[in-house]
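Worksheet for the structure shown next.
Positions are given from 1 along the sequence.
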Amino acid sequence: IHLLDFGFFYEYYIIVNYLVLHVLKKTEKIIAAVYLITNLFPKEDGIKWTLREKSISLLSSVMSLKIASRVEQEHLLLEVSKFSQEIMSLFTISSSAGHISGMNVSIINQEILGLMVVLEERKNNPLVGGDIFLTSQFFNIDDEVKNFKHTLEQDSVRKNSQELYK
């Protein structure tokens, strides 16, 4: 049996792994932002360390989703939601204390909410047997198209400037 003989199932395997990777990478970026921002907090500030602990707990819960049963996934999704809300609240408090700008709070909170939306759609929209989920964000290609267009524009500008100096 060749891998191509699996056709339908192979495509869904790729989709599932893409979604897991998407959620994991998004979570890693959020945690990196938490660490970058909290580097600016005073060492003795308890919120600094609490934010870092909550973000690591968030990562642990997200990573556990892949191997969890359907029942365990529901519990883990609640944990992810709880940690996410706690992180957002702590950043809001930190902004009020003058440790972080309102703009940075808005950006990181938007990213956390985006992660929660993806996970909520995953929870509510099973595709096959409760194991495979498609979300509307899975099909969002706007950023990729913008990046591609931007790259093409940069290449065009670079080529034009090189031709001017010939």
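- The two residues H99 and D45 come nearest to each other via the heavy atoms NE2-OD2, 2.9 Å.
- Following chains of ILVMFWY side-chain contacts shorter than 4.5 Å, one can reach L113 starting from V23, so the two form part of one hydrophobic cluster.
- Sparse packing is recorded around CE of M63, with 12 or fewer heavy atoms of other residues, nucleotides or ligands lying under 6.0 Å away.
- Shown here for S95 and S101, the closest heavy-atom pair between the two residues is OG-C, 4.1 Å.
- Put simply, CD on E111 and CD1 on I107 are 8.5 Å apart, with the number rounded to the nearest 0.5 Å.
- To the nearest 0.5 angstrom, I47 atom CD1 is 11.5 Å from T38 atom OG1.
- A pairwise comparison of heavy atoms in V105 and F91 identifies CG2-O, 3.4 Å as the closest pair.
- Using a 4.5 Å cut-off on side-chain heavy atoms (C-beta onward), L58 and I112 make no contact.
- Rounding to the nearest 0.5 angstrom, the gap separating the NZ atom in K48 from the CG atom in L40 is 8.5 Å.
- With sequence neighbours left out, K43 forms a salt bridge (Lys or Arg N to Asp or Glu O under 4.0 Å) with no residue at all.
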Applying side chain to side chain contact (heavy atoms under 4.5 Å, CB included), run through K26 and V118 and close with a yes or a no.
-> CA-CA 10 Å; K26 186 118 174 134; V118 169; 5.9 Å; no

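- Between the side chain of S106 and the backbone N or O of G102 there is no donor-acceptor pair closer than 3.5 Å.
- Evaluation of the side chain to side chain donor-acceptor pair (under 3.5 Å) test over residues 82-91, restricted to residues two or more places apart or in two chains, returns K54-E86, S81-Q85.
- For S60 (side chain) and I56 (main-chain N/O), no donor-acceptor pair under 3.5 Å exists by modelled atom type.
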Could you go step by step and tell me if I37 and L51 meet the side chain to side chain contact (heavy atoms under 4.5 Å, CB included) rule?
-> CA-CA 10 Å; I37 292 168; L51 275 165; over 6 Å; no

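- Rounded to the nearest 0.5 Å, atoms CE (M88) and CZ (F83) are 13.5 Å apart.
- I93 is connected to I30 through a chain of hydrophobic side-chain contacts under 4.5 Å among Ile, Leu, Val, Met, Phe, Trp and Tyr, so both are in one cluster.
- Closest heavy-atom contact between L59 and I31: CB-CD1, 3.3 Å.
- Note that NZ of K25 is 10.5 Å distant from OG1 of T27, once rounded to the nearest 0.5 Å.
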In sequence, state the C-alpha distance, the side-chain angles, and the governing distance for N109 and I87, and then conclude on side chain to side chain contact (heavy atoms under 4.5 Å, CB included).
-> CA-CA 8 Å; N109 284 353; I87 291 168; 5.8 Å; no

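- For the atom pair L115 CG and L24 CG, the distance stands at 10.0 Å (nearest 0.5 Å).
- By the salt bridge (Lys or Arg N to Asp or Glu O under 4.0 Å) test, E53 is found to be paired with no residue, residues two or more places apart in sequence or in another chain being considered.
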